[in-house]
Every structure is written in structure tokens, then in C-alpha cells.
Amino acid sequence: MRQASELLWEVELAIPPPHGELEFSFLVKHLDNPSLYGVEDHPKRLLLPANRAYHSTTCAKFKDIEQIKELELSVSMQMESISPALLAAMWRAYEGDSKCKQVETNAIDDVEFPVSPPKLSHPSTLNGNNQALGLVAPKTKTLETVEEKDKNLQVPESKLISKRSVSVQDLVVLGSESEKVQGVYSESDGDAKPVFCDIFPNSLDTKERPLDNKEPVNRVYVDDSFQDEREPGTLVTQGTMPKVSSLTFLVADQLLVPKERRRLAIIMVGLPARGKSFTATKLTRYLRWLGHKTKHFNVGQYRRLKHGYNQKADFFRADNQGGLDARNEIAALAMDDMLMWMQEGGQIGIFDATNSTTERRRMLLQRSEGKCKVIFLEIICNDRLVIERNIQLKIQQSPDYKDMPDFEESLNDFKARLTNYEKAYEPVAEGSYIKMIDTVGGEGGQVQINNISGYLPGRILFFLVNTHTSPRPIFLTRPGESFGTIQKVVGGDHRLSERGEEYAKVLADFVNEQLKTEHTASVWTSTLQRTLFTAQHLHRFPKVQWRALDDISAGICDGMTYDEIKNKMAEEYKARSSDKLRYRYPRGESYLDVIQRLEPVIIELERQHAPVIIVAHQAVLRSLYGYFADKPIEQIPYIEIPLHTVIEIQMGMAGVEEKRFKLLE
């Protein structure tokens, strides 16, 4: 626990990844007289797993505490996932009272720490039914050994929480959340015995009982990447964080960042009709598909809501002070909304506006200071043909011209607006930025970057350099009916049935008709024979086999029907039904695993200029379709991909359009 301000205290808990929902209550105690305490008058609260991240603000009410009839305090709860290495680094900063370095959170991959076998036991548990918490070195020794070896277990009297000889030590736990927990142990009678209590105990009359190695409890242990010079099994307490090997030390240093650095604002910069909104929309879709909480904030929509749809070109003149003030006010409002959304749990906000002057960008940087990391994404296009095409689309699609039926009048007004922006435009030269120069058309161009580091910004950059606006279709289809489909088995590598063979011929006729003038298309399949045989008659185009397009691995359930799984593996069947997205077959995959392995396929599809025909499996096509259709990731396992149907995805500057063709009943 630490005092964040005069009236605000923060307590953080670290909980390892396997935990489920934990119940807890808030407790308040007197600073000078620890025996005076009270538990909140509220039903048990739930501490949810990290994959159900949330943030809430409520009140905690305390009644009948000595000399206080009622006390009401505002409390806030937030759960988020961070890497174990980051938690280790945060402990070292806490121990040395140092500040966090200003580097990106996900600079490199996380370090994983295994959960120890149930037989290993150590103090600092919650209670017999809850997840145990504690950080110890590899191999365990008895607590008595810890007492003899480690003199850092002495605690100042200010930390005593009851009249009994029970001390509180701040323990750091490696897990998926950036939190700290207080472990409780007893020093009575000179023998150290562990004490079991709730995370916020309802009663401080803690009950002593010996450790039972037969209890099925899980604890987090440091693996061999942490090199500890002390005896194995030493309990890690305040001041005794194990020393780290050079590699892990480097990982922890790079991951040691304040909370605001875990949030990222991508601020678009560029003249109108250069492809900013197209790029922002595409980037939003990609990041959402990967599971990041991402939102697109279009400042033009804020302007229309406040000032209407009929703003003429004069409104955008740099020497129109009234128009300039109004536009800056709208930009500030949209930025504040984005920052508030981040405070409520959002991760990546994409701020879509021209932001064409240094003064505007300085204002945005000032508002976001200490709240999020900012990267400017500037789109520069000098190709007059691309600009003219974008202007045509802008007039056809923009709400600004929906009440202006005369096309020439709309065209002249937009060009006048564009001229006003060009007169005041100042290229980005400050902060962290990515400049995309003449890349929108997909014919080369340049990319300039400044002060871009970290895993996520690097991933964003790689995606951006592989995208373009050239229109082309992508055809998605499942393999024809196989004997596995008839038997309703999971997985397998079955041959096509007679209807499946028929569909293969019908598919070839359909594709040849749709692409009769096309000579550069390609056919992508998985490595399983039912997709290969479905594509066997597509002779005109080269075929590429992707292992990444293979069906979701069902592990030990491969070859079983869902009825067999339900009867023989009821718990697995129930787990899959309750969370189809995250459920992983034993020794197999989950939908999240499939999405991760499909990322190279998505990048390659974005790079393509020619049509692509993809013959793949239902789980794979659901994941691909979810990307193109910008479906929430939770909906992906339930997207309908009918058998013997072709889904045509048309990609281009106007966005993504879809058509479906049922080729065989």
C-alpha cells in the first residue's frame, strides 16, 4: 500500500494467471490503534481474472466502528494484465525507490514463469479455498530455514495489525497482474508458523495451522532465468528480491514503465483526401482483431455534431479566428473523450483529424502528457491521380456534402477547403512519429520514423508498410463435404465425399467465370487433403499451401464427435461451451491461438495486389472473416461460414464490401 496523494491511498495485488474469481471485502483500521477496525457493509466483491479486465468506481460503507457511526469512502478497482518480468522490475524499482524508465511496455516478449507442482508449499496464502500467493526461489526448504537464513523478516511495529504477534510483510508475486499482496505469518513462541487469512480478512483473529503438503494449492515460483545467490527455497520478502540474470535484468529494465505508457495514442496528421481515415480504420480493425482494446475517434464527426453538416470552405481558413477556435475546441473535446476512454480501460486510441499545425499538435501533446504515449502518424501523398480519386470518393461519401446535390459545387467547395489547409500545413518534426510518404497507392514510397521503439509500435509499423488501397477481391470458401463432415467428427484429414467432389468442380467454374480476365490471381490452401482436393480443378492459377491455414488443432479430441466429447469428457465439453474463444483443446489450440498464427496470412493478404482464393477450414475462415468484417473478437467463434458457399471480400479505398454465393445446396 502507498499514499498516492493527500487523500488517496493505493493498494496493489499480484495474482497468478490460473486464478478464478476471488471474493474479498474492504477493511478500514485505525492508524494509531490497529485493534480498531471495521469491515465494509457490502456483499462480497469479486476479483475477476485478468482476461476479464475491468475498471469500476464505487463506495465502501463502514458502520459502527468505535466512535464512528458511519463512514463512506470512494473506492476504485481495476484489473489489467502485465508481464511477469515487468512485475519483477517494478519490485526492484519499489525496493530502490527509483522511478520508471520511459520506454515502451511491450519492448520485447514476456518472460514466462511456471507454476510449481502442488506438493511445494510456502507461507503467504489467502485461505484454504483460494489461490496461494508467494514468490520463492527454485526448490523449497522449510520456513524454519528461512527464519535462520533471512534476517530481513523483521518488521517495524507500525505494521502490526493486531494485538497478537502477527507481522505483515510486503511480498511480491510474479503473475499476470501488477499487484502486491500482504502475506501474514506468526512469530509466536519463537517458532515460525504460517498463518492463513483472507486477502482483506473479515476478522483479524487469524487461525494458525500447520502447512499441509497434501492440500492442492498452486504457487508461483521463479524459474531458472532468475539467479538467486541465497539458499534455494528462501522466501522472498521486502528487501530480498532475488538478483536476476543479465538477460532477465535487461528484459525487466525495458519493461519497467508507468501505467500511462501502457496506453497508446496514434494521432493522425495529413491533408484531406490523403487516406488518413482509410489508414485509421484499417489499423483499428487490425489491432482489434489481435485483441487490443482499440477505438477510432473521428474529429470530423464531433465537428458535425456540434456545428452541423454545412460548413463551407471559409470555416477552414487559417485566418478565420472563429473557425480556428471552434475547430481547436472540438479537437480538445475529442482528445479528452479519448483519454477518458483510456482511463476506463481502453488501450489504443486512434485520433483521426488533419492536425496539420504545430500549435494543434502541441496542444494535443500537452493534454495527453502523463496519460498515454503519443505517436504521430503522418500520411503524405503527392500522386495527383490518387488525390483526385480520393476527392471523388470524399464527395460521394462524406456527410458534409449529403445536402449539396450539385457535384460541381461540392467539388469546388472541397478543393477550396483543401487549399486553405495547404496554406497552413506544417509537416511533423516533433515527438515520436511515422511518416508514410506516397505509400497509399501501394507502388513503393518511403517510410520515415523517429523515436519509435517497443513491440506494439513495431508491430503497427510493420502492418502499415504492408497496406495499400489497390482494389482486389478475396474469395473465402470451406472445403467441399468430406467423410469427416458426414460423420460430424472434429479435425481429422478426410477425403471428399461425392458431393465434395462435385463442389470442387462447381467452384472451379465459378472462379473461372469471376476471374476470366485475371492472370495474376493465386489459390491458397491448408496442407490437409480436403482443401487440396477442393482446389484441384483450379488449374489457371498457382497454388500455395499454408500450414497456418490448417484447421484448429483438437489435440486429444481429434477424430471424436462432439457427442463423444460430451459423454467421455464432460468437463472439457462444458468448458468449451462456456468460453469458445479462449477454450483450448487438451494438447490442442484455441481460437485465440488460431488468430495469432493467422497474423502472417493477414499481412500477406494486405500486401497482395491480385485476387486470392482461400480454401480453408471453418475456424480459420471465421478468424479471417472476423478481421475483414471488423467483428468483435468475442463473436469470431460464432460467425456463420456455410458449406459450399463462396464469400467474396472486396478490398479497396472505399472500404470492405462483401458478397455471398451459394454454389451447391
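- A cation-pi arrangement is present between K435 and Y433 under the rule of less than 6.0 angstrom and at most 45 degrees off the ring axis.
- More than 12 heavy atoms of other residues, nucleotides or ligands sit less than 6.0 Å from atom NZ of K580.
- Sequence neighbours left out, the pairs with a member in residues 598-608 that pass side-chain hydrogen bond (donor to acceptor under 3.5 Å, both in side chains) are K282-E606, Y286-E599, R459-E599, N466-R607, E604-R607, E604-Q608, E606-Y627.
- Atoms CG and CD1, from L476 and I614 in turn, are 5.5 Å apart once rounded to the nearest 0.5 Å.
- Contact record, S432 with K373: OG-NZ, 4.2 Å, taken as the closest heavy-atom pair.
- Not a single donor-acceptor pair under 3.5 Å links the side chain of D352 to the backbone N or O of A280.
- Closest approach of V299 and A331 over heavy atoms only: CG1-CA, 4.1 Å.
- Taking 4.5 Å as the limit, every side-chain heavy atom of I348 sits out of range of all side-chain heavy atoms of L283.
- To the nearest 0.5 Å, the span separating CG on L598 from OG on S623 amounts to 5.5 Å.
- F315 and H307 have tilted rings, their planes meeting at an angle from 30° to 60° on a 0 to 90° scale.
- Around the CD atom of E359, the shell of radius 6.0 Å holds no more than 12 heavy atoms that belong to other residues, nucleotides or ligands.
- Between H609 and H468, the ring planes are parallel. Angles under 30° get that label, and only those over 60° would be called perpendicular.
- By the 4.0 Å N-to-carboxylate-O rule, K312 lies too far from D413 to be salt-bridged with it.
- For the side-chain hydrogen bond (donor to acceptor under 3.5 Å, both in side chains) test, no residue two or more places apart in sequence or in another chain qualifies with E422.
- When each of K295, K293, H292 is paired with Q347, the side-chain hydrogen bond (donor to acceptor under 3.5 Å, both in side chains) condition holds for H292 and for no other.
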(request) Carefully, step by step, assess R361 and N355 under the rule side chain to side chain donor-acceptor pair (under 3.5 Å). (result) CA-CA 6 Å; R361 296 192 293 269; N355 301 312; over 6 Å; no
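- No more than 12 heavy atoms of other residues, nucleotides or ligands shown are found within 6.0 angstrom of CZ on F462.
- Closest approach of K276 to V269, counting heavy atoms only: CD-C, 3.6 Å.
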(message) Test salt bridge (charged side-chain N to carboxylate O under 4.0 Å, His left out) on R303 and E329; report intermediate values, then the result.
(response) CA-CA 9 Å; R303 170 177 54 79; E329 179 189 6; over 6 Å; no
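- Using a 3.5 Å distance cut-off with no hydrogens or angles, the side chains of Q545 and T527 do not pair a donor with an acceptor.
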(request) Show the numbers, then the answer: is there a side chain to side chain donor-acceptor pair (under 3.5 Å) between T357 and E426? (result) CA-CA 5 Å; T357 65; E426 298 172 310; 4.7 Å; no
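- If you take CD on Q397 and CG on D400, they are separated by 12.5 Å, rounding to the nearest 0.5 Å.
- Judged purely by atom type and a 3.5 angstrom limit, N450 uses its side chain to pair as donor or acceptor with the backbone of G431.
- Using a 4.5 Å heavy-atom cutoff, the side chains of V465 and T439 are not in contact.
- With hydrogens and angles left out, the side-chain atoms of R274 and N390 include no donor and acceptor closer than 3.5 Å.
- Using modelled atom types, no side-chain atom of K415 and backbone atom of I391 make a donor-acceptor pair closer than 3.5 Å.
- Donor-acceptor pairing under 3.5 Å is lacking for the side chains of R622 and Y638.
- Atoms CD1 and CD1, on I375 and I434 in that order, are 5.5 Å from each other to the nearest 0.5 Å.
- Note that CE of M338 and CG of L364 are 8.0 Å apart. Values are rounded to the nearest 0.5 Å.
- Nearest heavy atom pair, residue L621 against residue A616, reads CD1-O, 3.6 Å.
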(message) side chain to side chain contact (heavy atoms under 4.5 Å, CB included) for L581 and D579? Distances and angles first, verdict last.
(response) CA-CA 6 Å; L581 176 68; D579 191 351; 3.9 Å; yes
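- The local environment of NZ in K662 is crowded, with over 12 non-hydrogen atoms from other residues, nucleotides or ligands closer than 6.0 Å.
- Inspection of the S526 and T531 side chains reveals an N or O donor paired with an N or O acceptor under 3.5 Å.
- Formation of a donor-acceptor pair under 3.5 Å by the R540 side chain with backbone atoms of L515 is found in this model.
- In this structure, the side chain of D337 does not engage the main chain of A334 through any donor-acceptor pair within 3.5 Å.
- Between R597 and E589 there is a salt bridge, with a side-chain nitrogen of the basic residue lying less than 4.0 Å from a carboxylate oxygen of the acidic one.
- Contact of the E430 side chain with the F376 side chain is registered, since non-hydrogen atoms from C-beta on lie closer than 4.5 Å.
- Proximity of a side-chain donor or acceptor of S590 to a complementary backbone N or O of D593 within less than 3.5 Å is detected.
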(request) Kindly determine whether F541 and S522 satisfy side chain to side chain contact (heavy atoms under 4.5 Å, CB included), including the steps that lead there. (result) CA-CA 5 Å; F541 309 115; S522 58; 5.6 Å; no
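- In this structure, the side chains of V544 and T525 stay at 4.5 Å or more apart for every pair of heavy atoms.
- Across A416 and A313, no two heavy atoms sit closer than the pair CB-CB, 3.7 Å.
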(request) Kindly determine whether K543 and W524 satisfy side chain to side chain contact (heavy atoms under 4.5 Å, CB included), including the steps that lead there. (result) CA-CA 6 Å; K543 299 181 180 66; W524 297 2; over 6 Å; no
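- Cation-pi contact between K402 and Y309: present, with separation from the ring centre below 6.0 Å and deviation from the ring axis of at most 45°.
- Using a 4.5 Å heavy-atom threshold, the side chains of L549 and L624 count as touching.
- Looking only at side-chain heavy atoms (C-beta outward), M335 and F351 come within less than 4.5 Å of each other.
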(message) Run the side chain to side chain contact (heavy atoms under 4.5 Å, CB included) test on V511 and F475 for me, step by step, so that the C-alpha distance in whole Å, both residues' side-chain angles and the decisive distance to 0.1 Å come before the verdict.
(response) CA-CA 9 Å; V511 171; F475 298 93; 5.6 Å; no
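- For the pair P632/R288, no side-chain contact is recorded, criterion being any heavy-atom separation below 4.5 Å from C-beta on.
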Could you give the side-chain donor-acceptor pairs of residues 640-651 under 3.5 Å, partners two or more places apart or in another chain?
| residue | atom | partner | partner atom | Å |
| --- | --- | --- | --- | --- |
| H644 | NE2 | E481 | N | 3.1 |
| T645 | OG1 | L643 | O | 3.2 |

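- Between E658 and R660, at least one side-chain nitrogen of the basic residue sits less than 4.0 Å from a carboxylate oxygen of the acidic one, meeting the salt-bridge criterion.
- Between the CG atom in D314 and the CG atom in N420 there is a gap of 7.0 Å [rounded to 0.5 Å].
- A heavy-atom distance below 4.5 Å is found between the side chains of M268 and T279.
- Between S410 and E408, the side chains place no donor N or O within less than 3.5 Å of an acceptor N or O (distance only, hydrogens not considered).
- Smallest separation of non-hydrogen atoms from G349 and M342: N-CE, 3.5 Å.
- Side-chain atoms of S398 never come within 3.5 Å of backbone atoms of Y401 as a donor-acceptor pair (strictly under, hydrogens ignored).
- A donor and an acceptor atom, one from each side chain of D550 and H617, are nowhere located under 3.5 Å apart.
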